[in-house]
*Asks:* 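Structure provided below as C-alpha cells; questions to follow.
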Protein chains: 2
Amino acid sequence: MSSVPLPSSRPALGLIGLGAFGRLIAGPLARHFPVLAHDPTASDDSGIEGVRLTSLAEAATCPIVVLATPVAALPEVVAAIRPYLRPGVLVLDVGSVKVVPADVMRRGLPAHAAIVATHPLFGPQSAQDGLRGCRIAVCEVRGDRSRRVAAFLRSALSLDVILTTPEAHDRDAAASQGLTHLIARAMLAMEPLPTRMTTRSFDLLMQAVEMVRHDAPEVYDAIARANPYAEEVRRRFVAQATRLTTDPVQERDRAA
Amino acid sequence: MSSVPLPSSRPALGLIGLGAFGRLIAGPLARHFPVLAHDPTASDDSGIEGVRLTSLAEAATCPIVVLATPVAALPEVVAAIRPYLRPGVLVLDVGSVKVVPADVMRRGLPAHAAIVATHPLFGPQSAQDGLRGCRIAVCEVRGDRSRRVAAFLRSALSLDVILTTPEAHDRDAAASQGLTHLIARAMLAMEPLPTRMTTRSFDLLMQAVEMVRHDAPEVYDAIARANPYAEEVRRRFVAQATRLTTDPVQERDRAA
C-alpha cells in the first residue's frame with residue numbers, strides 16, 4: 001500500500017475498524033476527509049469511494065483518528081496506535097458505552113492527544129435511510145475539541161448532537177439501550193411469537209426487536225456488561241415484571 | 001325516550017356500553033344500522049350522529065346486540081339482557097379475551113340467540129386515523145352467523161378479519177397483548193425514562209408503551225387475569241429476563 005499524499009487540503013482521517021459501523025460512517029466521512037482505513041480482516045479494496053485501506057501505522061498517524069472497534073478491544077487498539085500518534089492528534093471512539101472507553105483512552109493515550117468520546121445512537125438498521133437527524137452523544141475527555149467536533153457533526157453530517165459526560169450518558173443509555181436489548185433478547189428467546197393476532201402496540205414492540213436482532217454480539221456485550229449502570233436497570237425492570245406477574249393488577253387494586 | 005321506529009329498513013343494532021371502545025365503533029356502525037345505545041352513565045344525547053340513547057330493554061330487543069362492556073361485567077350484562085332478547089337475535093361481544101366471554105355467553109344467553117365472539121385488535125389510540133385495515137378476531141360460538149359477520153366487517157368497515165377459535169385467540173393474545181402490557185407497565189413503573197439519549201429501537205418501544213398507557217384498567221385486568229394462558233407467558237418472559245440479568249451474555253458465550 002502506497003503512502004502517496006492524498007489530493008486534498010483537508011486533514012486525513014484514520015479509521016481503525018471497518019466492521020458494520022465503520023463501514024456505515026466511512027462513506028459519509030469520506031465526503032469531508034481523505035479516509036485512511038485499517039482493518040486486519042479487510043481485503044485490498046475498501047469498496048467505499050474515497051476510503052483507502054492502509055496499515056495501522058499509517059492510519060494512526062493521521063491528524064484525526066476514529067476508533068470504530070468493539071469496546072472490549074479498545075485497550076488493545078489504544079496500545080497498538082499509541083506509538084504512531086502525532087502531537088495535536090484528535091482521537092475519537094464510537095462505543096455504545098462511555099465511562100469505560102473514556103477511562104481506557106485517558107489512561108492509554110499520550111498526553112498530547114486530544115480525546116473526544118462519542119456514541120452514535122444509530123446503526124446500520126436505524127440509519128439505513130441516511131444519517132440525517134440521527135442522534136450522537138459527544139463527551140469531552142481531554143482537550144477542548146468537542147465543540148468543534150459537535151459543530152462538524154451537526155453541519156456536515158446533519159446529526160442531532162447531545163453534548164454530555166460519560167457518566168450522564170451511561171446512566172441514560174443503561175435505561176434506553178439496556179432495556180431495549182434486555183426486552184428484545186427475552187422476546188427472541190420466546191419465539192415463535194404471533195405475527196397476525198397482534199395489536200399495533202405489539203407490532204411496534206416487534207419492530208424494536210427486529211432492529212436489534214442482528215446487532216453484533218459485541219454491541220450487546222458492551223451494553224449489558226461494560227455499562228456500570230446496566231445491571232441495576234435490568235434488576236429494577238425484572239423486579240417490576242416479577243411483581244406484575246405475581247399480582248398482575250396490584251397497581252390498580254392499590255389505586256382503587 | 002321514545003320507541004318510534006327508526007326510518008330505516010336495516011335491522012336495528014343495540015349497543016350496550018358507550019365507554020371508550022363503544023364510542024369508537026358507534027359512529028362507523030351507525031352508517032350501516034340504526035344504532036340504539038344503552039349506557040347507564042351516558043347523558044341524554046349520545047353526541048354521535050345516528051346513535052340514539054335508549055333503555056337497556058329497548059337496546060336488547062334489537063335483532064343485533066353488541067356487548068361493549070368490560071369482560072368482568074359480562075355475566076351481569078348477559079343476565080340483564082336475557083329477558084329481552086328476541087328469537088333469532090345475534091349477540092356479539094368485543095372483549096380482549098375470548099375463552100371466558102364465549103363461555104359466559106354460551107351459558108347465559110338463551111338457546112335461540114346466535115352468538116359470535118369478537119376481539120377488535122385496536123382501540124381509540126391505534127384506530128385514531130380510522131378503522132380501515134385494523135384487525136379483528138371473530139369466533140363462532142353458537143349458530144352459523146360468523147361468516148356473514150366477517151363479510152360485513154370486511155366489506156363495510158374495511159377490517160382485516162381473523163376467523164379463529166376462542167382458545168387459539170387467547171393463546172396468541174396472551175403473547176402479543178400480554179407481553180405488550182407487561183412490558184409497558186414495568187417500564188411505566190420505572191419512569192422517568194430517557195427521552196433524548198435514545199435509539200430508534202427504544203423510541204419504538206416507548207411508542208408501544210404510549211399506546212397502552214391510557215388504556216382503561218378493565219382492559220389490562222382482562223388481558224392479565226381473564227386470559228387462561230397469560231400467566232404462563234408472563235412467567236416465561238420473566239424467566240428469560242432474569243436469566244439475561246444474572247448472566248447477560250450467557251447466550252453468546254454458549255454459542256462461542
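Chain letters run A, B, ... following the sequence lines, proteins first and then strands; every chain starts at 1.
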*Asks:* Any Lys/Arg nitrogen of B:R196 or A:D172 sitting under 4.0 Å from an Asp/Glu carboxylate oxygen of the other?
*Replies:* no
*Asks:* Got a second to check how far A:M197's CE is from B:L121's CG, nearest 0.5 Å?
*Replies:* 6.5 Å
*Asks:* Using heavy-atom distances under 4.5 Å, tell me whether A:H119 contacts chain B through its side chain, its backbone, both, or neither.
*Replies:* neither
*Asks:* Shortest non-hydrogen contact from B:A186 to A:A241?
*Replies:* CB-N, 4.1 Å
*Asks:* Need one label for B:I162: side chain, backbone, both or neither, based on atoms under 4.5 Å from any heavy atom in chain A.
*Replies:*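 B:I162 touches chain A through backbone and side-chain heavy atoms alike.
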*Asks:* Determine which residues belonging to residues 198-208 of chain A lie within contact range of chain B, meaning some heavy atom pair is under 4.5 Å apart, and list them by number or answer 'none'.
*Replies:*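 Contacts with chain B: A:T198, A:T199, A:R200, A:S201, A:F202, A:D203, A:L204, A:L205, A:Q207, A:A208.
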*Asks:* Relative to chain A, which segment of B:R135 carries a heavy atom at a distance below 4.5 Å: side chain, backbone, both, or neither?
*Replies:*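 Only the side chain of B:R135 comes within 4.5 Å of chain A.
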*Asks:* Nearest 0.5 Å please: distance from the CG atom of A:L244 over to the CZ atom of B:R234.
*Replies:*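 Reported value, rounded in 0.5 Å steps: 8.0 Å.
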*Asks:* Between A:M211 and chain B, which part of the residue has a heavy atom less than 4.5 Å away: side chain, backbone, both or neither?
*Replies:*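 Side chain only.
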*Asks:* Looking at A:L179, A:L193, A:I223, which one has more heavy-atom pairs under 4.5 Å with chain B than the rest?
*Replies:* A:L179
*Asks:* Considering only heavy atoms, which portion of A:V209 lies under 4.5 Å from any heavy atom of chain B: side chain, backbone, both, or neither?
*Replies:* neither
*Asks:* Would you mind telling me which of B:H169, B:E231, B:R171, B:Q125 has the largest number of heavy-atom pairs within less than 4.5 Å of chain A?
*Replies:*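 Top count of heavy-atom pairs under 4.5 Å with chain A: B:H169.
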*Asks:* With a 4.5 Å heavy-atom cut-off (strictly below), which parts of residues 69-80 of chain A touch chain B? List them by number.
*Replies:* none
*Asks:* What part of A:S96 gets within 4.5 angstrom of chain B, counting heavy atoms only: side chain, backbone, both, or neither?
*Replies:*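 Neither part.
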*Asks:* Give a yes or no on this: more than 12 heavy atoms of other residues, nucleotides or ligands lie within 6.0 Å of atom CZ of B:R213.
*Replies:*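 Atom CZ in B:R213 is packed in, count exceeds 12.
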*Asks:* Can you see which heavy atom on A:F237 is nearest to which on B:I183, and at what distance?
*Replies:*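 Shortest heavy-atom separation between A:F237 and B:I183 comes out as CE1-O, 4.2 Å.
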*Asks:* How long is the straight-line distance from CZ of A:R236 back to OG1 of B:T245, given to the nearest 0.5 Å?
*Replies:* 12.5 Å
*Asks:* Would you check, one step at a time, whether the test side chain to side chain contact (heavy atoms under 4.5 Å, CB included) holds for B:Q240 with A:R185?
*Replies:* CA-CA 8 Å; B:Q240 292 296 343; A:R185 249 145 240 273; over 6 Å; no
